[in-house]
Asks: 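Take a look at the following structure, please.
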2 protein chains.
Amino acid sequence: MALRTLDDGDASPQDLAARAAWLYYVGGMRQDQIAEELGISRQRAQRLVARAVAEGLVKVRIDHPIGECLELERGLRQRFGLLRARVAPRADSGQDALRAIAPFAAAEMERIFAQQTPQLIALGTGRTLRAMIDQMQTINAGHHRMVSLIGNVAPDGSASFYEVIMRIADKTGAPHYPMSVPVMARDAEEFATYRSLPHVVSSRALAKEADVTVVGIGQMADDAPLYVDGFITAEELSSLRAAGAAGELGGHVFDSEGRYLEHPVNEFMVGVRVPQNDNPVICVAGGVSKIKALRAALKGGLIQGLITDELTAAEILSTS
Amino acid sequence: MALRTLDDGDASPQDLAARAAWLYYVGGMRQDQIAEELGISRQRAQRLVARAVAEGLVKVRIDHPIGECLELERGLRQRFGLLRARVAPRADSGQDALRAIAPFAAAEMERIFAQQTPQLIALGTGRTLRAMIDQMQTINAGHHRMVSLIGNVAPDGSASFYEVIMRIADKTGAPHYPMSVPVMARDAEEFATYRSLPHVVSSRALAKEADVTVVGIGQMADDAPLYVDGFITAEELSSLRAAGAAGELGGHVFDSEGRYLEHPVNEFMVGVRVPQNDNPVICVAGGVSKIKALRAALKGGLIQGLITDELTAAEILSTS
DNA sequence: CCATTGGGTGAGCATTTGCCCATCACGCGG
DNA sequence: CCGCGTGATGGGCAAATGCTCACCCAATGG
């Protein structure tokens, strides 16, 4: 945003990359034509296009409800009474699922932001939401507000890497209310302190009233994000699993029936649990590792919308 | 992998096309991989992708401010059949527009001068072209020639401040043919004298044959450059407006349809009108005040290229 | 029943793209 | 002042893509 070319037509490499990419993808020109047009070498044009893709300037969407995915979407909606269900085609586990889902989730977010009536949007954190944001188009949507469900400070004191609210704010210009405290308190005293902070009180209040909530989901295997990112210890993870943990939404752990556990980890989470009122909670998640958690969340009615990939959707529907 | 064919039996051709396109663009797979994945031939995969693109299933967006400008450029080219259109980002009226456009215009000039085959370049005058030159790089381009479209002597006998040809010559070392007479004659006799001067005759002849012509554009409001710079009186300006003047190119005034007026001011201009032959006339201009003039010039097909700013371009496209 | 037509198919080839590598310009520390 | 990375550049080539063509099949209509 800040540094737009003021005095130099050819300047900012990103501008040039964007221009080249536009000519290539939208304009349908060949790379040598682009090179000539921009007065650069063919190779440079090629690199610019590649760069624009790598930097995520180029967003591709396939505008077609693929039959199979539609079936799955319908299945999910019916089985779990969901309000929204989107299923991205194919995609295997892990990274692929993320890549597949992100554009769909981004489209859903844009749909939310495109609404005329001002919305209060609550947001979780995590890799999946980060990937989603990267796919979002910058749009002017200053009439909505966003609030974070969960603290944005990691255990080591750094800002959480997977914080998303600031990044969406960059793209939309919407006012936002991050929850600038640690995700989790270490003891009851700390917990009481955090919870009593005025901005936490107000953020929590806002989050509970959100018109729509968008979250990822965490699983409870050995590589559970809560553990990998250092929020809980290996012992706590074991203890949670012993207590029947199946997954977590915004750090709040629930069992395979979708009931929140009574467990120290849950007691000390500073953020709010996803609202359980009339306003929808949309979960963005995919990959085999998350299936158990998703199934539990769906069963417990914790979420009212799901954006996932084809294989995950099929798996959820086939075996639960 | 190849045995996916089993469950694809239901797919409609469009579904398949969408799926292939998705795997290609979003999934980043190669066409032969897609072919294998979907159990079809490589060619079919390629046809499916092409088809998806052709049917508009694939939507590509460039998430960068430049994207907008490129849209406008395409719009201008299409609407007015322009050969060249460049749109600089943002920029409000007046000075800002100039600052934004100048680098783009300079790049265009450099493109012209960078050509191998010798070009004969005709040039107008004015603030905009001056700003353009200031942005030009010095390049050695002695094989081109430049000729002025218009006299370079102001009514008070001084050299016109906005003469540009000498300055470009400084930067390029190209031989140049200024038109060293007043812009405008005061009566028929003077006019006949000027027009008969040998160097005027030859400059005029050259200008008419220019391979490319680059001009600014003048508007006809109270601060019309022709009037402000003292070439015409307030009465003449009023008279021109009464006759329907919408703008001027090189001092030659035209109406809102882009037809030159039959008016004393036009009769006594010593310079030539911009060529109306196969060789392009590029106009460099921006700012709201010039929109009326630009629209007229475009409508009348007086110019074949336009270098402007985003707001001006948007305005021209939206309301004409 | 056969000719026709329209869409789809793979082979083969031309074009376009992606990538590696030698080279060069530039900034930095010795 | 001189090497020494570091990163950009363009040449050249292999891979990937797009396109044409001859052919096939299935449906249609005489």
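Letters go in sequence order (proteins before strands), and every chain restarts at 1.
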Asks: Atom CZ of R86(A) and atom CG of L306(A): how far apart are they, to the nearest 0.5 Å?
Replies: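 Taking CZ in R86(A) and CG in L306(A), the distance rounds to 11.5 Å.
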Asks: Which part of the nucleic acid does R44(A) contact within heavy-atom distance under 4.0 Å: base, sugar-phosphate only, or nothing?
Replies: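 Since only primed, P, OP1 and OP2 atoms lie under 4.0 Å of R44(A), the category is sugar-phosphate.
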Asks: Got a sec, which residues hit side chain to side chain donor-acceptor pair (under 3.5 Å) with T308(B), two or more places apart in sequence or on another chain?
Replies: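 Per chain and number, T308(B) pairs via side chain to side chain donor-acceptor pair (under 3.5 Å) with no residue.
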Asks: Hey, does the side chain of S41(B) come within less than 4.0 Å of dT9(C)'s phosphate (OP1/OP2), counting only N and O?
Replies: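 Checking S41(B) against dT9(C): no side-chain N or O falls below 4.0 Å of OP1 or OP2.
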Asks: Might you list the N or O atoms of the protein lying below 3.5 Å from N or O atoms in nucleotides 22-26 of chain D, with each pair's distance?
Replies:
none

Asks: At under 4.0 Å, does any side-chain N or O of Q46(A) touch on OP1 or OP2 of dT17(C)?
Replies: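 The answer is no; no side-chain N or O of Q46(A) sits under 4.0 Å from OP1 or OP2.
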Asks: State whether Y24(A) places a side-chain N or O below 4.0 Å from either non-bridging phosphate oxygen (OP1 or OP2) of dT16(C).
Replies: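 So the side chain of Y24(A) is outside the cut-off, no N or O lying under 4.0 Å from OP1 or OP2 of dT16(C).
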Asks: Choosing from dT17(D), dT17(C), dG11(D), which nucleotide comes nearest the side chain of Q43(A)?
Replies: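 When the side chain of Q43(A) is considered, dG11(D) is the closest of dT17(D), dT17(C), dG11(D).
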Asks: Between the protein and nucleotides 22-26 of chain C, which nitrogen or oxygen pairs are less than 3.5 angstrom apart?
Replies:
none

Asks: Within the modelled atom types, does a donor on one side and an acceptor on the other bring the side chain of R42(B) and the base of dG18(D) under 3.5 Å apart?
Replies: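 Yes, the side chain and the base share a sub-3.5 Å donor-acceptor pair.
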Asks: Do the side chains of E110(A) and R61(A) get close enough for a salt bridge, i.e. N-O under 4.0 angstrom?
Replies: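 Salt bridge flag = yes for R61(A) with E110(A).
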Asks: Is D309(A) salt-bridged to K290(A), cutoff N-O under 4.0 Å?
Replies: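 The answer is no: the pair does not qualify as a salt bridge.
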